[in-house]
Amino acid sequence: MFMKKYLSLSFAIACYCMVNAQTDQQKAEALVKKMTLEEKVGQMTQVTLAVIAKGGWANQDGSLDPAALKKAVVDYKVGSILNATAHALPVDTWHTVITQIQDEVKNTKLKIPVVYGLDGIHGQTYTLNSTLFPHNIGVAATRNPELAKAITKVTASELRASGVRWNFAPVLDIGRQPLWSRFPETYGEDVYIGKTMGAAVIKAYEEDGLKNPTAVASCMKHYLGYSASRNGKDRTPIYLPEIEMREYYLPQFREAVKAGSSTIMINSGEINGIPVHADKYLLTDVLRKELGFEGLIVTDWEDIKRLHERHNVAATPRQAVAMAINAGIDMSMVPGDYSFYDLLIEAVKNKEVPMSRIDDAVKRILVLKYKLGLFDNPYPEAAAKNNFAKPEYQALALEAAREAMTLLKNQDNILPLSKKTKVLVAGPSAQSISALNGCWSYTWQGREEQWYPADSKTILQAIRDKVGAANVFTTTVRGFDNAVNYDAAKLTTAAANADVIVLCIGEDAYAESPGNTRELALPKEQEELAKAAALTGKPVILVLTEGRPRFITSIEPSAKGILMAYWSGKKTAEAVADVLFGDYNPDGKLPFTYHKSMGEIVLYDRKPTEEVREVFNDNINTGYDPLFPFGHGLSYTTFEYSDIQLSGNSLSGDAKLSVTINVKNTGVRDGKHSVELYTRDLYASITPSMKRLRAFQKISLKAGESRTVTFTIDKNDLAFVNAQLKTVTEPGDFEVMIGNKKAKFEYK
Ligand code: BGC
C-alpha cells in the first residue's frame, strides 16, 4: 500500500517536473520567436561589472555608472553580468547592484532579466563576511562527500543571499600536473574522487530546484583538459591523446552532467593545437551528443577574442566569433567591451553563423533564466538574505577544515603536543591569513587581508588561544613576505626557550597565471629556515599551508612531525591548533601523491612499466617512490584490517560483487577513518594501472571498536578505455585491495 502510494506520488512529481521543464522550454522557444537579432546576440553577451561600475576596475563601493548601465542593458541588451571589481562587497551592496541592474531591464522592450554570475570557489568569494571553506584539494582530503555537500549548500545560500543565482563552480579539472597553479582548485589526481565529489556538490547546488532561495546554477569547469598543460603554466598548450582524455579527464564531466549541472565553462587552452573554444568535436559531438548536455555553454574570460589574438587560429576577430559560436558556444564572457555583440551581428548578416545556431544558444540561456525563477522575480530575495552568515556555518567551516587536515609524519608520536609545551611558532605562514585561505578569497588573488572577516585567526593566535599566551612565542610578524619571517638567526636564538618549534611554511595565496612557478621546490629561504630550526636540536613540526605539493624532501628527515593544512579556509588556524594539541584526531588522506622531486613525478595509478626500474638485469619496483603516497594520512589511533571477503570468486555480466572487510580501531582514541577500495586488472588489452581507487567509505570508530564495511562493485568499476576508445570491461583476473588486504576474483 505504502509502496503504491509512493510510486504514484513519484509519478506525479515526475509528471510535474516534465511539464515544468517543457514549460520552460516552450516559454523560451516562444520568446526567441519574438526577438530581433540584436536582442538575441545581446543575450549571448556577458560583460564584467567593471564595464558598468563607476570608475571601472578601480571601483571600490559597487556604485554603478548610470550611463554605462543603460548602455549595457538597454543599448546592448546584455544577457549576463559577472564578477566583482576590486574586492568583495557587503551583502547589501550586492542587493543594490543587482536591483539597479534589474530595474534597468524594465526599460527594455522584452524585459528579459539579467543573470548575474560569480566565482564562489570555496565559499562565496565576493561577499564580505561570507564563510570560506577548504579549497577542493582539502575537500578531497576529507573523503567525505556529505560534508562536501553541506559546505556547498552554504556557498549556494550565501550567493543567493547576495542576489546571485549562478556560480562558476565546481572546478572538475583533475590535478595530475602538480606545477599547475590551479591545482588547489582540483580534487587531486584521482578520477573517482573527482567524479564523486563533483557530482555531490552539483547536487548540493541544484537539487533543491533553482527557484528555491537555497540553490544556484552550478557551472562545471573547465571543459576539457585544462589541467593537462604540458609545462604546468596556466593556459599553455596541452597535448592529450583521446584515450587519456577519456580515461582521466572526461569521466568527471560525464558524471556531473548526469548529476544535473545547468551550465559549463570551457577550457581557455588548446588541445593538440586546437583551442577548445573552437573545437566542434569536443563542444558539440562529445558534450552535446555523447554526454547529452542540454544546458548553457559559456566561454572563459576573453577566450573568443583570444582565438584571434593569442591562439592565431582565426585571422580576424569576426572569424574568431563565428568559429566559437559554430563550434557550440552559447554565451561569450567577452567581458570588457561589446566587440562580440557587433561582430556576431555582422557574422550572422554575412551568413557566417546560421540563425538556427543563434536561436539554439539563446533558447538555452532563456531556459536557464526561467529555471532560476528570474522571470518571476529577478531581484535579491528577502528569504534568501536570511541565510547569510548564519552562526552554524562557522561550526561547519571548522568541521571541514579539521577533516581536511592530513597528518603526514608523526615520528615517535611527537604529536599531539601537551598543552604545557613551550612552543615557538615561526615561519611565514604563522601570522598570515591569506596563506590559510588561498585564491578566490574576498579578492581574486586572495592576498589582501583587510577584506577578511575581523575574527579570522592566524595560526599563532589559534595556538595562543588554545594553550595560553605564556607558553607561546614567535619570531614572526604579520604578512607572509615580511623579511623578518625568514630571519634564521632570530629563530635560532628564540628556540633556546622552546620545547618545540612549530614551523609554518608553504605558499601564500595565488590564483591562475600569477601562481605560475618555475619550481616546485620550496623557496630557498624557507628551506634555510627549516634547516636552522632543525639545527637547534629542538623537535620541529612543519605545518604546510599550500595549494600544491611543494617539495620538502631535503627538510623532511629532520622534521619530527608534518601536518598538511592545505588552504582550508576561515577555520584553518583553529583546525591546525586542534590537531597539534590533540583536540582533534586527524583523518585527512592525501588526494595526490606528494612527490620527492621533479624527476620523480609518478602518480599512484601508474602503469606497470612506471613501477619497475631496470637496474642491470634486476627489476626493482621503486618506480613509485614518493615522499608520501596518494591516500597517506596518519591518525592518533591505529586501524587494523582483517577478514576480507568477496561474495563470490567470479563476477559476470551486470552482476554485483560485495566486498566486506573488518576494520578495528586498535588504539586508545576514537577516530574517523576512510576505508579505500582499489582494484587491479592483472592483464588487459591496454596496459592496466597498478591500482585504481574504486570506492571509499569514511567511518567513525571508538577506541577498541570494530566494524564490517561492505562495498558493492560491478563491471563499471573495472572498466577502462580501450584502443577503440570504448569504455569496456574485459574478462580476466582482478585483484581487490583494501589497506594491506587483497582478494582475487575473475570477471567472466
Ligand atoms: C577563470 C574562470 C573564472 C572566470 C571568471 C577566469 O579567468 O579561468 O575560472 O570563472 O575567470 O571570473
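The figures that follow rest on heavy atoms only: side chains count, while hydrogens, waters and symmetry mates do not.
- With hydrogens and angles left out, the side-chain atoms of T638 and T666 include a donor and acceptor closer than 3.5 Å.
- Applying the side chain to side chain contact (heavy atoms under 4.5 Å, CB included) rule to K715 yields the partners D654, T729, Y747; only residues at least two apart in sequence or on another chain are considered.
- Residues K664 and E705 are not paired through a salt bridge, judged by the lack of any N-O separation under 4.0 Å between the basic side chain and the carboxylate.
- Side chains of T687 and K607: a donor on one and an acceptor on the other come within 3.5 Å.
- To the nearest 0.5 Å, atom OG of residue S429 and atom CG of residue D508 are 7.5 Å apart.
- Nearest heavy atom pair, residue S432 against residue A435, reads OG-N, 2.9 Å.
- Ring orientation note: the planes of Y566 and F592 are nearly perpendicular, at an angle over 60° on the 30°/60° scale.
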Derivation and outcome, ring-ring contact (aromatic ring centres under 6.0 Å, His included), residues Y192 and F696 = CA-CA 9 Å; Y192 179 77; F696 55 78; 5.6 Å; yes
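- By the 4.0 Å N-to-carboxylate-O rule, E244 lies too far from R246 to be salt-bridged with it.
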Sequence neighbours left out, cut at 3.5 Å: what donor-acceptor pairs do the side chains of residues 526-535 make with other protein atoms?
unit_1 : atom_1 : unit_2 : atom_2 : d
Q526   : OE1    : G506   : N      : 2.8
Q526   : NE2    : G506   : O      : 2.9

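- Without hydrogens or angle criteria, D499 side chain to K422 main chain gives a donor-acceptor distance under 3.5 Å.
- In this structure, K744 does not pair ionically with D733, as no charged nitrogen and carboxylate oxygen lie closer than 4.0 Å.
- Shown here is N649, whose CG atom has no more than 12 heavy atoms of other residues, nucleotides or ligands within 6.0 Å.
- With sequence neighbours excluded, no residue forms a ring-ring contact (aromatic ring centres under 6.0 Å, His included) with H595.
- The only option from F745, F720, Y678 that meets the ring-ring contact (aromatic ring centres under 6.0 Å, His included) definition with F734 turns out to be F745.
- Put simply, the side chain of R254 never gets that close to the backbone of Q252: no donor and acceptor are under 3.5 Å apart.
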message = Evaluate E600 against R613 for salt bridge (charged side-chain N to carboxylate O under 4.0 Å, His left out), listing each step before the verdict.
response = CA-CA 12 Å; E600 284 292 354; R613 291 282 189 266; 3.0 Å; yes
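- A distance of 10.0 Å separates NZ of K748 from CG of L651, quoted to the nearest 0.5 Å.
- Ionic pairing of D583 and K419 is present here: one or more N-O contacts between side-chain nitrogen and carboxylate oxygen are shorter than 4.0 angstrom.
- E519 places a side-chain N or O within 3.5 Å of a backbone atom of A521 that can act as its donor or acceptor partner.
- When atom types are taken as modelled, the side chain of K149 and the backbone of K203 share no donor-acceptor pair closer than 3.5 angstrom.
- E556 contributes no side-chain N or O that, together with a main-chain N or O of T553, makes up a donor-acceptor pair within less than 3.5 Å.
- Checked by atom type and distance alone, the side chain of E189 pairs as donor or acceptor with a backbone atom of T593 at under 3.5 Å.
- Considering all non-hydrogen atoms of both residues, V500 and P539 come closest at CG2-O, 3.3 Å.
- Contact annotation: the side chain of K466 never approaches that of E574 to less than 4.5 Å [non-hydrogen atoms, C-beta and beyond].
- In this structure, CD1 on I644 lies 9.5 Å from CG on N740, to the nearest 0.5 angstrom.
- The list of ring-ring contact (aromatic ring centres under 6.0 Å, His included) pairs with a residue in residues 655-674, not counting sequence neighbours, reads F639-H673, Y641-H673.
- A salt bridge between R143 and E403 is absent, with no side-chain N of the basic residue lying under 4.0 Å from a carboxylate O of the acidic one.
- The shortest heavy-atom contact between L677 and I713 is CD2-CG2, 4.3 Å.
- Atom NE2 of H135 and atom OG1 of T572 lie 9.0 Å apart (nearest 0.5 Å).
- Electrostatic pairing of E676 and K691 does not count as a salt bridge here, judged by no charged N lying under 4.0 Å from a carboxylate O.
- Partners of P586 under the side chain to side chain contact (heavy atoms under 4.5 Å, CB included) rule, at least two apart in sequence or in another chain, are L407, V579, Y636.
- At distances below 3.5 Å, not a single donor-acceptor pair connects side-chain atoms of S261 with backbone N or O atoms of I202.
- For S568 (side chain) and A401 (main-chain N/O), no donor-acceptor pair under 3.5 Å exists by modelled atom type.
- A side-chain N or O of N665 and one of T637 form a donor-acceptor pair less than 3.5 Å apart.
- Side-chain contact between L179 and R548: absent, with no pair of heavy atoms (C-beta onward) separated by less than 4.5 Å.
- Ion pairing between a basic and an acidic side chain is recognised when a charged N comes within 4.0 Å of a carboxylate O; E185 and R182 show such pairing.
- Not counting sequence neighbours, the partners of Y510 by the ring-ring contact (aromatic ring centres under 6.0 Å, His included) test are W567.
- Atom CG of L436 sits about 12.0 Å away from atom NZ of K570, to the nearest 0.5 Å.
- With hydrogens and angles left out, the side-chain atoms of D190 and Y187 include no donor and acceptor closer than 3.5 Å.
- Taking CG from L503 and CG from L424, the interatomic distance works out to 8.5 Å, rounded to the nearest 0.5 Å.
- In this structure, a donor-acceptor pair under 3.5 Å is absent between the side chains of Q697 and S674.
- With hydrogens and angles ignored, the 3.5 Å screen pairs no side-chain donor or acceptor of T152 with any backbone N or O of V201.
- Using modelled atom types, one side-chain atom of N722 and one backbone atom of Q724 make a donor-acceptor pair closer than 3.5 Å.
- Ion pair D714/K656 flagged as a salt bridge, since at least one NZ, NE, NH1 or NH2 atom sits closer than 4.0 Å to an Asp/Glu carboxylate oxygen.
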